[in-house]
Amino acid sequence: MKSTARRRSYGVKGAPYAFLVPATVLFALFFALPIGYALWLSFRKVRVSGLGLGSGARREVWAGLENYTDALSDSELLHGTLRVLGYGCIVMPVMLGLALLFALMLDSEKVRLAPVTRLAIFLPYAIPGVVAALLWGFLYLPDVSPFYFVLDRLGMPQPDLLDGGPLYLALSNIAVWGGTGFNMIVIYTSLQAIPAEVYEAAKLDGATPLQIALRIKIPMVAPSLVLTFFFSIIATLQVYNEPTTLKPLTNSVSTTWSPLMKVYRDAFGEGDIYGAAAQAVIIAFATLLLSFGFLRAANRRQKQEAAR
């Protein structure tokens, strides 16, 4: 009897771990293992002997930090990073500002058709990034865009959005259009969790809707704002779909416009998987450093405000 009870006890205690096995296996196969393999490749290189012909002429050897030093001194990777930072300076303030504005509007008592409006704002997020870039690319082309046709009929100037500085605005518009809905839902959910008693007390004190939004709603959804900013940093540093999709439409987007585009070009265009792996590791490390640095700074500020 004791052995049977003991086996039942072990079975009950081991049940949670059994449920974790599928997720753990998938995580190891499709996340941890590829990361480990990329790290391994980043420390390797191919050594060519003689003319590189015959068996044994090309051997994979240990490279140490050579791939990393080459990546950090690569001007194309640096210029791509600067372009992405400029792109992020446009995307993140506009996208998060619109998401907060829409969330506050939907949370207002005077809003009508809130479910329909919420769905309409969120719907662009459900469209795949490549499809969205293709749709906007069609609207950016002067020869086929209905907007350029209207501008021509009105005798107004027709800017080229796929060349020079306007290209940043064109790419940023695609990201803002697709990402605002997701961030709005996150912020709106936090607003719905605020107790109604807080609003009633503020109204009794004579607070206007604008004062309630600025002094109550926004401070109380600050953790959601931090979370959305965290996601936006990661998405900005990993931008790839939009410039790659628009590349066939303009000569202003090179194969190294963003860091991830350069990684793809080096790995599959140039055949340098070892250097590309080192660049990918650097990009991942920089993303983690910026993201968690921002989170730590935000948490420290929240603790200071709470201590006051």
Side-chain angles (χ1 to χ4, degrees), residues 77-107 118 121-130 132-133 135-137 140 161-162 164-191 213-214 217-246 252-253 257-263 282-302:
L77 183 63
L78 175 61
H79 292 158
T81 303
L82 294 177
R83 282 190 288 266
V84 167
L85 291 177
Y87 163 85
C89 289
I90 301 174
V91 170
M92 289 191 290
V94 176
M95 181 172 61
L96 297 181
L98 288 175
L100 177 61
L101 177 62
F102 289 148
L104 292 173
M105 292 173 61
L106 290 173
D107 192 59
R118 185 168 63 247
I121 298 173
F122 178 77
L123 189 59
Y125 177 74
I127 299 176
V130 175
L135 292 174
W136 281 104
Y140 292 153
L161 297 177
L162 296 177
L167 176 63
Y168 287 86
L169 298 177
L171 291 170
S172 301
N173 176 66
I174 300 174
V176 170
W177 182 78
T180 300
F182 170 79
N183 295 300
M184 180 271 296
I185 290 295
V186 175
I187 299 172
Y188 177 75
T189 304
S190 297
L191 288 172
L214 295 177
K217 292 184 178 182
I218 294 180
M220 295 191 73
V221 299
S224 296
L225 294 175
V226 172
L227 181 64
T228 54
F229 196 86
F230 173 76
F231 289 152
S232 299
I233 290 177
I234 297 175
T236 299
L237 294 177
Q238 296 180 352
V239 60
Y240 178 82
N241 289 335
E242 292 85 355
T244 302
T245 306
L246 293 183
S252 298
V253 179
W257 193 89
S258 72
L260 285 188
M261 291 178 67
K262 186 178 187 306
V263 171
I282 292 174
I283 294 171
F285 179 76
T287 303
L288 289 174
L289 186 64
L290 289 175
S291 302
F292 286 104
F294 169 75
L295 285 179
R296 186 172 182 180
N299 291 333
R300 185 185 300 114
R301 183 173 181 180
Q302 288 181 1

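Atoms considered below: every heavy atom in the structure, side chains included; atoms not considered: hydrogens, waters and symmetry mates.
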## Note on the structure
Heavy-atom closest pair (L167 atom, W257 atom, distance to 0.1 Å) is CD2-NE1, 4.0 Å

### Query
Of all residues at least two apart in sequence or in a different chain, which pass the side chain to side chain donor-acceptor pair (under 3.5 Å) check with R118?
Y188

## Note on the structure
Rounded to the nearest 0.5 Å, the CG atom of L227 sits from the CD1 atom of I187 at a distance of 9.5 Å

### F230 to S291 - nearest heavy-atom pair and separation
CE1-CB, 3.1 Å

### Query
Any donor-acceptor pair under 3.5 Å linking the side chain of T228 with the backbone of L225?
yes

### Task
Output the distance between atom CD1 (I90) and atom CG (L85), rounded to the nearest 0.5 Å.
11.5 Å

### Summary
Residues passing the side-chain contact (heavy atoms from CB on, under 4.5 Å) test with I283, sequence neighbours excluded, are P259, L260, V263, T287

#### Entry: side-chain contact (heavy atoms from CB on, under 4.5 Å) partners for L214, two or more places apart
L210, I218

#### Entry: Which residues share a side chain to side chain donor-acceptor pair (under 3.5 Å) with D107, sequence neighbours left out
Q192, K217

### For T236 against G88, the heavy-atom pair lying closest together
CG2-CA, 3.4 Å

### Message
Once side-chain contact (heavy atoms from CB on, under 4.5 Å) is applied, do any residues pair with V130, and if so which ones, sequence neighbours excluded?
### Response
L134, N241, T245

### Query
In terms of heavy-atom contacts, does OH of Y125 have more than 12 from other residues, nucleotides or ligands at under 6.0 Å?
no

### Task
Sort and list the pairs that fulfil side-chain hydrogen bond (donor to acceptor under 3.5 Å, both in side chains) and have at least one residue in residues 79-89, not counting sequence neighbours.
none

### Message
I need the full list of salt bridge (charged side-chain N to carboxylate O under 4.0 Å, His left out) pairs touching residues 89-100, with sequence neighbours left out, sorted by first then second residue.
### Response
none

Between side-chain atoms of residues 172-181 and protein atoms elsewhere (two or more places apart, or another chain), which donor-acceptor pairs fall under 3.5 Å?
residue, atom, partner, partner atom, Å
S172, OG, Y168, O, 2.6
N173, ND2, Y140, OH, 3.0
T180, OG1, V176, O, 2.6

### Task
May I ask you to test the L169-L161 pair for a side-chain heavy-atom distance under 4.5 Å?
no

Identify every side-chain donor-acceptor pair in residues 99-106 under 3.5 Å, counting partners at least two apart or on other chains, and give the distances.
none

### Task
Check side-chain contact (heavy atoms from CB on, under 4.5 Å) between S232 and all other residues, then give those that pass, not counting sequence neighbours.
M92, M95, L96, N183

